[in-house]
S.K.: 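Take a look at this one; I'll ask things after.
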Amino acid sequence: ILDFGDNAVAQTYTLSGGIGPKLRFDSAADASDLVDFNATSSFYGIEITSGFSGTVPMQYDGFNITIVNNFTQAAGTFISPASFTIGDDFIKTGGTFTEGTGTVIFNNPGSGAYNTDIVETFYNVSTLSGNINLADTMIVTNLLTLDAGRFDNETVQAEGNVTVLSTHSSLTTTLLLFAGSATQSFDLTGATGNWNADISVNKSGGQVNLLSALVMDVASQDLTIIEGAFDINGNALTVNGTSGTLVAQDGGNLQLQGGETITANASNPSFQSGSTVTYDGTGGPYTLKDYTYSNLAINGSGATFNMAASESINNLTITAGTLDATATPYNLNVAGNWSNSGGFTPRTGTVTFDGTNQSISGTTTFNNFSKTESTDNGSDVTLTFGNTGTYTVSGLLTLDGLDPSDRINLVSDSPGTQWSLTASGTFAIDYVDVTDSDASGGLKIVHSNAVDGGNTINWFNDAPSIA
C-alpha cells in the first residue's frame, strides 16, 4: 500500500508502466499530491477513504489505467481516465465518480461486486470477463459492450447503443433497460440467444432499433415495452420461454416492417390499452399480424399493408402507405380516432366507429360507414371531421342516433369552416345534428329526425343553411 503522507508537503508518484501498489487517499492533504503516468500502467488497487476531500490527483496524459484488484471510494472526486479497467470490486459509498467520455472495463476472472451509494452513471462500459454482481442500478449513457463477462442481479440502464458479442455469457440475470431520449441500436449478431435475462424499454424519446435476430427462450424471460418504441427492424423476434411474455404497455410501441417472424407464447404479444403497433416497411406488400391491437399505425411510404382479419382497434393512424381491407373483405371497428394522410382501400367492407366522441381527419374513401348512438343517457355523442379532408362513402352511410336527447352531432374541427362529404350510396340516418357540412359532391343526404346546426349544403336544402 502506498499511503501519501498526511501533511502539506506535495509528493509525486510517477508510473512508467508495470504494476504499482494499492494507492490510498485518506486526508485532505493528499489532494495536493500527484500520481503522474508516463505510460499505460496498473495498480493493485485504489482506496479513497472518508477522510479524503477534493479531487484525486491523477495525471493520466492519455494513458490507460488498470486496477488489478478493488476500487473503493467513500469521498472526494475521482475523474476516470479514457480507459479504466477494474479487475475486481467497484465499491462506492460516497463522493463523485466522474466518468467523462471514457470506458470502464470490468475484467474480473472471478466474481466482482458492484455496489454504490446511489445509482452510478458511466459513459462506456465493457464486460471483458467474470461476473459483475450488481447491488445497484448501473447507467451507461453511450456504449454498452457485453463481452465474455456477465451481470447478475439489479438493472443495467442503457441510454446508448448495446452490443452483445458471441463470447457473452448466457447466464446473465440482470434486467436490461433501454431508456433516455436518444435513438439506440441493439445488436446481437452472432449472439442472438445470448441474453437470457429480461429486457424492458422505457424511453422518453427516440427508439430502440434491433440490428439482428433476438431469441428470448429462457423460462420466465420477458420483453416489456413500457414507454417508447422497440423496432424489430426486419429481424426475427422470439419470446417463447416457459411463461415468457411479450407486452406493450400504455405508451409502448412495437414497431416492425410487416414481414418479420414473431414467435411468442399463447396470448402474446399482449398489447395493453394505450399501446401502439406501427408497421413501417417500404417494400411489401405486407400482411398485418392477426393480433388484438390497441392503437394501430401504418407508416410505410409506398407500401401496401393487407389486413388478415377484421379488427377492433382504438386509434388508427395512417401516416404513409396504404391499408387494404382486401377482397375478402375485412371490417374495421374503431373506438377512438381516425387519422389518414396515406391511403385506405375499403373494398366492400365496413368501417364502424363504435366509440363515444370521436374524430376523423384526412381525405378517405369508405365503402360502408357506420356510427350508432345506442346509450340512453340524455347525452349526445360527437363525430368531428377535419375541415381539410373530403370523406367519400360509396356504400351505406349509417348515422343512427337514439332519440332527441341522444343524437350524433356531426361537426367540423374548425367551427365555421365546412367539412366535405361525398355520399353516392344509400342512407340510414336518424337523430343527427349536422353543422358546417358541405355534401354537395354527392347525392342529397336522406335522413329523418335531423337537426340543421347551420352552414350545411345538400343536407336540408339546396342553398347554404344559416342556423
Side-chain angles (χ1 to χ4, degrees), residues 1-128 130 132-141 149:
I1 297 175
L2 176 60
D3 191 341
F4 292 93
D6 299 339
N7 54 54
V9 178
Q11 304 167 78
T12 298
Y13 177 59
T14 302
L15 285 95
S16 299
I19 300 177
K22 177 179 179 179
L23 300 181
R24 177 182 291 157
F25 302 90
D26 57 5
S27 73
D30 291 344
S32 299
D33 298 321
L34 177 64
V35 180
D36 188 19
F37 295 88
N38 289 332
T40 293
S41 306
S42 300
F43 292 110
Y44 184 73
I46 292 180
E47 180 185 3
I48 308 165
T49 74
S50 59
F52 178 81
S53 62
T55 299
V56 176
M58 298 281 196
Q59 184 171 301
Y60 302 114
D61 292 326
F63 294 109
N64 300 329
I65 308 303
T66 295
I67 297 179
V68 177
N69 202 268
N70 301 331
F71 173 88
T72 61
Q73 181 181 6
T77 298
F78 180 83
I79 300 174
S80 182
S83 178
F84 187 39
T85 299
I86 300 173
D88 204 337
D89 295 348
F90 180 96
I91 307 295
K92 179 175 173 290
T93 57
T96 301
F97 183 90
T98 301
E99 73 278 9
T101 57
T103 299
V104 174
I105 301 170
F106 292 92
N107 184 22
N108 171 28
S111 180
Y114 171 88
N115 192 3
T116 65
D117 59 328
I118 57 172
V119 173
E120 193 60 55
T121 299
F122 300 90
Y123 189 68
N124 300 323
V125 166
S126 176
T127 61
L128 194 58
I132 302 97
N133 296 305
L134 301 183
D136 300 277
T137 296
M138 174 189 289
I139 297 177
V140 183
T141 60

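Predicted, not measured: the structure shown is a model, and the values here were computed from it. Positions are given from 1, in the same order as the sequence printed here.
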S.K.: Is there a side chain to side chain contact (heavy atoms under 4.5 Å, CB included) between I91 and N70? Walk through the geometry before answering.
M.R.: CA-CA 8 Å; I91 307 295; N70 301 331; over 6 Å; no
S.K.: Could you check, using the six-membered ring where one of them is a Trp, whether F25 and F78 have ring centers closer than 6.0 angstrom?
M.R.: no
S.K.: How about D136 and E120: do any of their side-chain heavy atoms sit closer than 4.5 Å?
M.R.: no
S.K.: For side chain to side chain contact (heavy atoms under 4.5 Å, CB included), just list the numbers for N115 and K92, CA-CA rounded to whole Å, side-chain angles, deciding distance to a tenth of an Å, and then say yes or no.
M.R.: CA-CA 6 Å; N115 192 3; K92 179 175 173 290; over 6 Å; no
S.K.: Using a 4.5 Å cut-off on heavy atoms from C-beta on, say whether the side chain of D3 contacts that of D26.
M.R.: yes
S.K.: Do you know which of I105, T85, I19 makes side-chain contact (heavy atoms from CB on, under 4.5 Å) with T66?
M.R.: T85
S.K.: Looking only at heavy atoms, which two atoms of L134 and M138 are closest? And how far apart?
M.R.: CD2-CE, 4.1 Å
S.K.: Rounded at 0.5 Å granularity, tell me how far OG1 in T12 sits from CG in D33.
M.R.: 7.5 Å
S.K.: Is there side-chain contact between D61 and D36, with heavy atoms separated by less than 4.5 Å?
M.R.: yes
S.K.: Test your reading of the model: is there a side-chain donor-acceptor pair from E99 to the backbone of G102, 3.5 Å cut-off?
M.R.: no
S.K.: Would you check if L2 and P21 make a side-chain contact, meaning some heavy-atom pair closer than 4.5 Å?
M.R.: yes
S.K.: Taking the six-membered ring for Trp and the full ring for Phe, Tyr or His, determine whether the centres of F84 and Y60 are under 6.0 Å apart.
M.R.: no
S.K.: Show your working on side chain to side chain contact (heavy atoms under 4.5 Å, CB included) between M58 and I46 and close with a plain yes or no.
M.R.: CA-CA 11 Å; M58 298 281 196; I46 292 180; 3.6 Å; yes
S.K.: Taking the ring of F122 and the ring of F90, is the distance between their centroids below 6.0 Å?
M.R.: yes
S.K.: Within a strict 4.5 Å, meaning less than it, do heavy atoms of the I79 and T55 side chains meet?
M.R.: yes
S.K.: Looking only at heavy atoms, what is the nearest atom pair of P81 and I65, with distance?
M.R.: CG-CG1, 3.8 Å
S.K.: What closest approach, in Å, do D30 and R24 show between heavy atoms, and which atom pair accounts for it?
M.R.: OD2-O, 4.0 Å
S.K.: Looking at every non-hydrogen atom in both residues, tell me the closest pair between I86 and D89 and how far apart they are.
M.R.: CG2-O, 3.7 Å
S.K.: Output, in order, the C-alpha distance, side-chain angles, deciding distance and verdict of ring-ring contact (aromatic ring centres under 6.0 Å, His included) for F97 and Y114.
M.R.: CA-CA 14 Å; F97 183 90; Y114 171 88; 9.6 Å; no
S.K.: Mind listing the closest non-hydrogen atom pair of V68 and S42 along with its distance?
M.R.: CG2-CB, 4.4 Å
S.K.: Quick check: closest heavy atoms across A75 and I48, and the distance to 0.1 Å?
M.R.: O-CG2, 3.3 Å
S.K.: Heavy-atom count check: over 12 atoms from other residues, nucleotides or ligands less than 6.0 Å from Y13 OH?
M.R.: yes
S.K.: Do T103 and N124 get their side chains close enough for a donor-acceptor pair, meaning under 3.5 Å?
M.R.: yes
S.K.: Any side-chain to backbone donor/acceptor pair from Q11 onto L34? Under 3.5 Å, distance only.
M.R.: no
S.K.: Let me see the working for N38 and L15 under side chain to side chain contact (heavy atoms under 4.5 Å, CB included), right down to the final yes or no.
M.R.: CA-CA 6 Å; N38 289 332; L15 285 95; over 6 Å; no
S.K.: When you measure from the side chain of T98 to the backbone N and O of G100, does any donor-acceptor pair fall under 3.5 Å?
M.R.: no
